Amino acid sequence: MKFQGISKLDLKRRNRAQILRVIRECGPISRVDIASSMKITRAAVTIITNEMIEEGVLYEVGEAPVSLEHLQKGRRKILIDINENYRYALGASISDERITVGFANINGKIIDKVMTEALDGMSSDDIIEYIVSSCRSIMQNNNIEPKKFVGLGVGLSSDMCSKMKVYMKDGKFDYSSIVDALSKALDMPVTCSNLTCALALANQAKNIKERPGNYVFLKQGNHVNLSVLIDNDVMNDNIYYTNHVENMIVNPGGRKISGYPDGSVKAELSIVAINEKYREIYSKENTPVLWEITNGDVNNITHRALTAAAMKGEAKVLEVMNNIIRCLANLINNLSVAFFAKSVALHGFGMDEWMIEYLKKSLITLCGEEIAKKVKISVVEKNLEFKGGVCIIIREQFYMNGGMNAE
């Protein structure tokens, strides 16, 4: 029987990928410390990193700073880091609310972006064409050739799968309809993933050095979606079905909605459900402060208007707000305990500073200080959701390839 081992090219790619991972998590870092972390010889690390420096993937930062506590004899260590402008990455997001397109450098620093509201009249072909034309305009406007990009990453919300002709195949979503069309039009690598999972990875990428642990990411929209990261990788159970969280009960015996248990996340915490709660109490008699702020038009009810009314002590508004927070607190507590989460990030909940502080104070009362401390607001703004796509294409085409997606 003939056994085939790993090829030299694959071994080289793997070693380079490991070096990039160590630098990303610990850098700037010396070759000696990389060798120690990877448990390979310093000579091997030197050969590989020198080649990557010649290619422009890495660069020498300079000598390590002097530590008075650990004075070092002889020559100080030379630190190396990833060249953030070695390549760039395009990203796009497709949801029922908006389409965002933009690009960033390897470290995720945004350079340019565009956005359009996702209109009901847009077909799948229209959406593909918008992304293609936006990518071409971005490259042209910034005078960057396509070969300088590692590729395009796309985050697709689960409720847009049918519209984009993405269906289940062998137990997984088959994104080939999107990938094939975009890669052919742009002539570059394209990858597509669940938007909530991509956003969770992009959110945690800001805290990559805190990698060990479990992290919960909640995205609110017409649907409520959940992604769980375990050591910065998406938990397999919710890669494809991120909206299963909507079946969880957060208010026993509460609001009813067809197809879901009474008091479910879908019935209590989706945007539609929350808007309906405020509309039900909205009137000149019940909510005079909110009525005045919104000029008597229910369509003018916004997060800002609700905050303003709550800050002035509008009783009915505070009553609904407290009901919503109790439901959210139950969900946060249950998810935190179920997944042993180090933090719970909220995305798309539209909270300003006052609302965040109000939520945390309420969480302390309802769930305790330990749970309240875990709650964070997503660092990815709604109009920058393409960062999820940027994150997944950089992972796949730069880090996993060891920076070898060269010209």
Side-chain angles (χ1 to χ4, degrees), residues 56 83-119 121-158 160-161 163-166 173-199 201-203 205 380-401 403-407:
N83 176 10
E84 65 177 17
N85 294 317
Y86 169 67
R87 287 288 187 272
Y88 302 95
L90 287 159
S93 70
I94 305 172
S95 72
D96 58 345
E97 298 172 276
R98 67 189 66 83
I99 303 167
T100 68
V101 182
F103 86 104
N105 64 20
I106 290 299
N107 275 351
K109 181 181 178 181
I110 296 173
I111 301 171
D112 200 358
K113 63 184 185 298
V114 295
M115 184 188 79
T116 185
E117 297 298 323
L119 304 177
M122 292 182 74
S123 67
S124 59
D125 290 339
D126 293 334
I127 292 172
I128 293 294
E129 178 55 34
Y130 176 79
I131 293 173
V132 170
S133 61
S134 296
C135 288
R136 287 173 176 167
S137 296
I138 283 172
M139 289 186 283
Q140 183 176 1
N141 294 341
N142 291 275
N143 196 27
I144 301 178
E145 297 179 355
K147 62 183 179 181
K148 289 290 290 182
F149 288 85
V150 296
L152 165 67
V154 181
L156 176 68
S157 65
S158 55
M160 289 291 284
C161 284
K163 184 168 190 174
M164 296 305 297
K165 302 175 183 177
V166 170
F173 279 123
D174 179 8
Y175 295 108
S176 59
S177 60
I178 296 175
V179 171
D180 292 347
L182 290 173
S183 58
K184 181 179 179 181
L186 294 170
D187 192 25
M188 64 173 61
V190 175
T191 188
C192 188
S193 180
N194 181 285
L195 177 59
T196 303
C197 297
L199 290 172
L201 289 168
N203 184 74
V380 182
E381 298 175 32
K382 293 203 303 187
N383 64 333
L384 302 178
E385 289 183 342
F386 67 86
K387 290 182 70 175
V390 166
C391 180
I392 58 176
I393 195 67
I394 289 174
R395 279 167 60 99
E396 184 173 303
Q397 292 296 323
F398 180 73
Y399 285 104
M400 291 176 66
N401 275 345
M404 291 178 64
N405 45 325
E407 301 174 17

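These numbers were taken from a predicted model, which means no experiment stands behind them. For reference, positions follow the sequence shown, starting with 1.
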What heavy-atom pair brings [X] and [Y] nearest, and what distance separates the two atoms?
X: S95; Y: S157; value: CA-OG, 3.3 Å
X: L384; Y: V380; value: O-CG1, 3.5 Å
X: C192; Y: I392; value: C-CD1, 4.4 Å
X: L152; Y: A92; value: CD1-N, 4.0 Å
X: I138; Y: G102; value: CD1-CA, 3.8 Å
X: E385; Y: K382; value: CG-O, 3.1 Å

Check: For D174 and S176, what are the C-alpha separation, side-chain angles and deciding distance, and is it a side chain to side chain donor-acceptor pair (under 3.5 Å)?
Finding: CA-CA 6 Å; D174 179 8; S176 59; 2.8 Å; yes
Next item on the list: Considering only NZ, NE, NH1 and NH2 on the basic side and carboxylate oxygens on the acidic side, decide whether E84 and K109 come within less than 4.0 Å.
Entry: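 No salt bridge links E84 with K109.
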Check: Relative to each other, are the rings of F149 and Y88 parallel, tilted or perpendicular (30° and 60° limits)?
Finding: tilted
At what distance, to the nearest 0.5 angstrom, does [atom1] of [X] lie from [atom2] of [Y]?
X: F398; Y: I106; atom1: CZ; atom2: CD1; value: 4.5 Å
X: T116; Y: I127; atom1: OG1; atom2: CD1; value: 10.0 Å
X: K387; Y: L201; atom1: NZ; atom2: CG; value: 13.0 Å
X: I394; Y: M400; atom1: CD1; atom2: CE; value: 14.0 Å
X: Q397; Y: I393; atom1: CD; atom2: CD1; value: 5.0 Å
X: K163; Y: D126; atom1: NZ; atom2: CG; value: 8.5 Å

Do [X] and [Y] come close enough that some side-chain heavy atom pair is under 4.5 Å?
X: F386; Y: V114; result: no
X: N383; Y: K113; result: yes
X: L90; Y: F103; result: yes
X: I94; Y: I131; result: yes

Note to self: Using the rule given for side chain to side chain contact (heavy atoms under 4.5 Å, CB included), can you reason through I99 versus M122, listing the C-alpha separation, both sets of side-chain angles and the distance that settles it, and then say yes or no?
What the structure shows: CA-CA 11 Å; I99 303 167; M122 292 182 74; 3.9 Å; yes
Notebook entry, point to check: Under 3.5 Å, is there a donor-acceptor pair between the side chain of K148 and the main chain of Y86?
Noted result: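 Yes; judged by distance alone, with no hydrogens or angles, the pair exists.
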Check: Is the backbone of K165 close enough, under 3.5 Å, to the side chain of S177 for a donor and an acceptor to pair up by distance?
Finding: yes
Checklist line | Verdict with reasoning, C391 to R395, per side chain to side chain contact (heavy atoms under 4.5 Å, CB included) | finding: CA-CA 6 Å; C391 180; R395 279 167 60 99; 4.1 Å; yes
Below 3.5 Å, can you tabulate the donor-acceptor pairs from side chains in residues 178-191 to any protein atom, sequence neighbours excluded?
{"from": "S183", "atom 1": "OG", "to": "V179", "atom 2": "O", "distance (Å)": "2.7"}
{"from": "S183", "atom 1": "OG", "to": "D180", "atom 2": "O", "distance (Å)": "3.3"}
{"from": "T191", "atom 1": "OG1", "to": "E396", "atom 2": "OE1", "distance (Å)": "3.1"}

